[in-house]
Amino acid sequence: MSDIKRDSDLILRAGELIASGGIVAIPTETVYGLGANALNPKAVAKVFEAKGRPSDNPFIVHICERRQLSELCHHVPAEAAALAERLWPGPLTLVLPRKSHIPDIVTAGLDTVGIRFPSHPIARAIIKASGVPVAAPSANLSGRPSTTSFAHTFEDLNGRVDAIVDGGDAYAGVESTVISVKKGSIRLLRPGVITLEDISQALSEQGIERCEIILDEALRRKLTADERPRAPGMKYRHYAPRAPVTAFTGAPALTAEEIRRRCGGREHMAVLCFDEYRDMFKNAVSYGSKNDMAAQAHNLFDALRRFDEMEGVEEILAQCPSDEGVGLAVANRLKKAAGFNVVEVGKEQTLFWER
Ligand code: TXA
Ligand code: MG
């Protein structure tokens, strides 16, 4: 039997499992997902259970053809249609008013639903084989970094799901860009490898010139206990290794120096750094060159998980990229992993000089 035949049999089997109410971990181009039939509330409940996910955090619904967007959403503004045309299939989730046949459990009772058409060939083939829209959160246990490889997915979900499909390493490494779309206005709820620049370029290529793009408040700071985030997932501690993380923003040479000063040779401190500074530290994991945000995105979750395997790590100090381009997504995940415990290195210095 050829590999292609074997792969297509496995894809059909995964699709059948989802169609018949099972839950299956699947590779996507962002991170691995844990899929269930989005129209079957019992199957979706099993995903909440397997992940240990809080019930007020909605799932993204994954499709394999653009026309499914209007089958699931009762209103698709021109901006959303334009972005679907230009950027799908790909790592972009559109949050739109939902149709009522989508079970409440999928949307956590919200009147909107997040829809995504992934580009990963295995993900698309499994969704197609299932014949249904597939609700899929990231395939990590709740609170842990999302999984970007079969090994990490297996580590978190083995014994809790009906199957795990091996599709190699996820390409992007961070989850999809999530935006809510209204006529004339787009709100960025979660940054990803599709950047604000990509979105505004796609809109203008489709002839839409007047559309404001708002950065949600939850991306800039930790929300207070009584504030309700627009994307419920943003209020939870996330992506976190076991040891507490502090993120350092500012020019890379300065943050490296500051981290070295704070470590002072202490054994229990570990460092997440850019490749260029790896040799400055003893217990360090590097996650890409300082100017290569795509590489940082690809490696970040794997790097965060590595600290859990290191002996005696009590504190992690991390170099954080700037908010430009894909850096916004990397910095967002890192700041969340740090519970917004951020040291702005350049700023401290500026204040010092002004005195
Ligand atoms: O790349 C991805 O998006 C991956 C892969 C598997 O597709 N999925 C993923 O799902 O990251 P999850 O459940 O881990 O994150 C979904 C995020 C959460 O923060 C959730 O609160 C938000 O999207 N979200 C989902 N539906 C929403 C809605 N209707 N309104 C606002 N936010 C929503
Ligand atoms: Mg997640």
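Each ligand, and each atom within it, is numbered from 1 in the order the structure gives. What's counted below: heavy atoms across the whole structure, side chains too, no hydrogens, waters or symmetry copies.
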Considering heavy atoms of the protein only, find what lies nearest to atom 22 (C) of ligand 1 and give residue, atom and distance to 0.1 Å. A231 CB, 4.1 Å
Assess whether a salt bridge exists between E267 and K282, defined as any Lys/Arg side-chain N lying under 4.0 Å from an Asp/Glu carboxylate O. yes
Which ligand 1 atoms are under 4.0 Å away from a heavy-atom of V95? 28 (C), 29 (N), 30 (N)
Looking at atom 19 (O) of ligand 1, what's its closest protein heavy atom, distance included? G233 CA, 3.4 Å
Determine whether the side chains of R116 and T28 contain a donor N or O and an acceptor N or O closer than 3.5 Å. yes
Tell me the closest heavy-atom pair linking R144 and R242, and the distance in Å. NH2-NH2, 4.2 Å
S176 and T30: side chain donor to acceptor below 3.5 Å: no
Per-atom filter on ligand 1: closer than 4.0 angstrom to a heavy atom of L110 are 28 (C), 29 (N), 30 (N)
Ligand 1 to P137, heavy atom cutoff 4.0 Å, flagged ligand atoms 6 (C), 10 (O), 12 (P), 13 (O)
Look at S146 and state whether any of its N, O or S atoms is less than 2.8 Å from the Mg ion (ligand 2). no
Do F48 and F59 make the cut of ring centroids closer than 6.0 angstrom? yes
Considering both backbone and side-chain atoms of T30, is one of its nitrogen or oxygen atoms within less than 3.5 Å of a nitrogen or oxygen in ligand 1? yes
Under 4.0 Å from ligand 1, counting heavy atoms only, is it the side chain of R187, its backbone, both or neither? neither
Which heavy atom of the protein is the closest neighbour of atom 6 (C) of ligand 1, given with residue, atom name and distance? G33 CA, 3.5 Å
What do you reckon, are the aromatic ring centroids of H152 and Y32 less than 6.0 Å apart? no
Specify side chain, backbone, both or neither for R230, according to which of its non-hydrogen atoms lie closer than 4.0 Å to ligand 1. backbone
Report, in ascending order of atom number, the atoms of ligand 1 lying under 4.0 Å from any heavy atom of V113. 29 (N)
Against ligand 1, does R98 come closer than 4.0 Å with any heavy atom? no
Any salt bridge linking E257 with R261? Criterion: basic side-chain nitrogen under 4.0 Å from a carboxylate oxygen. no
Nearest-contact summary for atom 24 (N) of ligand 1 - protein heavy atom, Å: P58 CG, 3.8 Å
Can you see whether S138 engages E175 through a side-chain donor-acceptor pair at a distance of less than 3.5 angstrom? no
Is it the case that ligand 1 has an N or O less than 3.5 angstrom from some N or O of T112? yes
Heavy atom of T107 under 4.0 Å from ligand 1? no
Starting from the C-alpha separation in whole Å, work towards a yes-or-no answer on salt bridge (Lys or Arg N to Asp or Glu O under 4.0 Å) for E155 and R305. CA-CA 11 Å; E155 181 182 305; R305 279 178 180 253; 3.3 Å; yes
What residue and atom, counting heavy atoms only, is the protein's closest point to atom 18 (C) of ligand 1, and at what distance? N57 OD1, 3.8 Å
Short side-chain donor-acceptor distance under 3.5 Å, S289 and E276: yes
Classify the contact between A136 and ligand 1 as side chain, backbone, both or neither, using a heavy-atom distance cut-off of under 4.0 Å. backbone
Does the N or O separation between S176 and ligand 1 drop below 3.5 Å for any pair? yes
Using a 3.5 Å distance criterion without hydrogens, assess whether the side chain of H62 forms a donor-acceptor pair with backbone atoms of I60. yes
For L34 against K51, the heavy-atom pair lying closest together: CD2-CG, 4.3 Å
Ranked by distance from atom 15 (O) of ligand 1, the top protein heavy atom is R190 NH1, 3.1 Å
Any H62 heavy atom less than 4.0 Å from ligand 1: yes
Whether the side chain of R66 engages the backbone of A84 through a donor-acceptor N/O pair (distance < 3.5 Å, no angle test) should be reported. yes
Between S185 and E212: side-chain donor-acceptor atoms closer than 3.5 Å: yes
Decide whether an N or O pair under 3.5 Å exists between R53 and ligand 1. yes
Contact with ligand 1 for P91, non-hydrogen, under 4.0 angstrom: no
Starting from atom 9 (C) of ligand 1, what is the nearest protein heavy atom, named by residue and atom, and what distance separates them? S138 N, 3.6 Å
